[in-house]
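Worksheet: the structure to be examined is printed underneath.
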Amino acid sequence: MKPQIDRTNLKQTIVKAGKVVKFDVNIKGEPAPTVTWFLGETEVVSENNVEIVNVEYNTKLTVVDASRKNTGV
């Protein structure tokens, strides 16, 4: 089965600087898809104020203390 992203929790989100942003996304597919987050064309990795947790069929992206550099689609 080809990968499918449950976009229910992927809505436009506006957050004030210094606040927390969380995305919790379910994914379908066989075998379990590999997940990579991007900000524009740059891969997002867990570091500084960004945490990414990938488990089978789910991914979570959390930005603590959000700033303008975290802005994007």
Side-chain angles (χ1 to χ4, degrees):
M1 176 164 70
K2 74 179 198 176
Q4 295 178 344
I5 301 168
D6 179 357
R7 297 181 187 274
T8 305
N9 295 331
L10 293 178
K11 299 175 185 159
Q12 181 175 350
T13 304
I14 299 173
V15 177
K16 292 184 179 185
K19 299 296 182 183
V20 176
V21 180
K22 292 183 181 183
F23 294 101
D24 185 344
V25 181
N26 291 320
I27 297 142
K28 296 178 184 177
E30 290 299 332
T34 301
V35 178
T36 305
W37 287 86
F38 286 88
L39 180 57
E41 294 186 17
T42 305
E43 183 177 345
V44 178
V45 295
S46 290
E47 64 180 9
N48 301 324
N49 66 330
V50 178
E51 179 183 37
I52 297 172
V53 177
N54 292 325
V55 296
E56 287 191 348
Y57 310 108
N58 183 270
T59 182
K60 293 177 178 64
L61 177 122
T62 304
V63 180
V64 178
D65 192 24
S67 65
R68 187 168 297 277
K69 73 176 183 175
N70 302 120
T71 301
V73 177

Donor-acceptor under 3.5 Å (Asn58 side chain, Val25 main chain)
yes

- Message: Tell me if a side-chain donor or acceptor on Asn49 pairs with a main-chain N or O of Asp65 at a distance below 3.5 Å.
- Response: yes

What's the spacing between [X] [atom1] and [Y] [atom2] if we round to 0.5 Å?
| X | Y | atom1 | atom2 | result |
| --- | --- | --- | --- | --- |
| Asn48 | Lys69 | CG | NZ | 5.5 Å |
| Ile14 | Gln12 | CD1 | CD | 5.0 Å |
| Leu61 | Lys22 | CG | NZ | 11.5 Å |

Give a yes or no on whether [X] and [Y] share a hydrophobic cluster (residues Ile, Leu, Val, Met, Phe, Trp, Tyr; joining criterion: side-chain heavy atoms under 4.5 Å apart).
| X | Y | result |
| --- | --- | --- |
| Val45 | Val63 | no |
| Val20 | Leu39 | no |
| Ile52 | Val64 | no |
| Leu10 | Val44 | yes |

Taking every heavy atom of Lys11 against every heavy atom of Phe23, the minimum-distance pair comes out as O-CE2, 4.1 Å

What one should report as the nearest heavy-atom pair of Ala32 and Glu56 is CB-CG, 3.9 Å

Per side-chain hydrogen bond (donor to acceptor under 3.5 Å, both in side chains), Thr59 is matched among Thr34, Asn54, Asp24 by Asn54

| task | For residues Trp37 and Val50, determine if any side-chain heavy atom of one lies less than 4.5 Å from a side-chain heavy atom of the other. | result | no

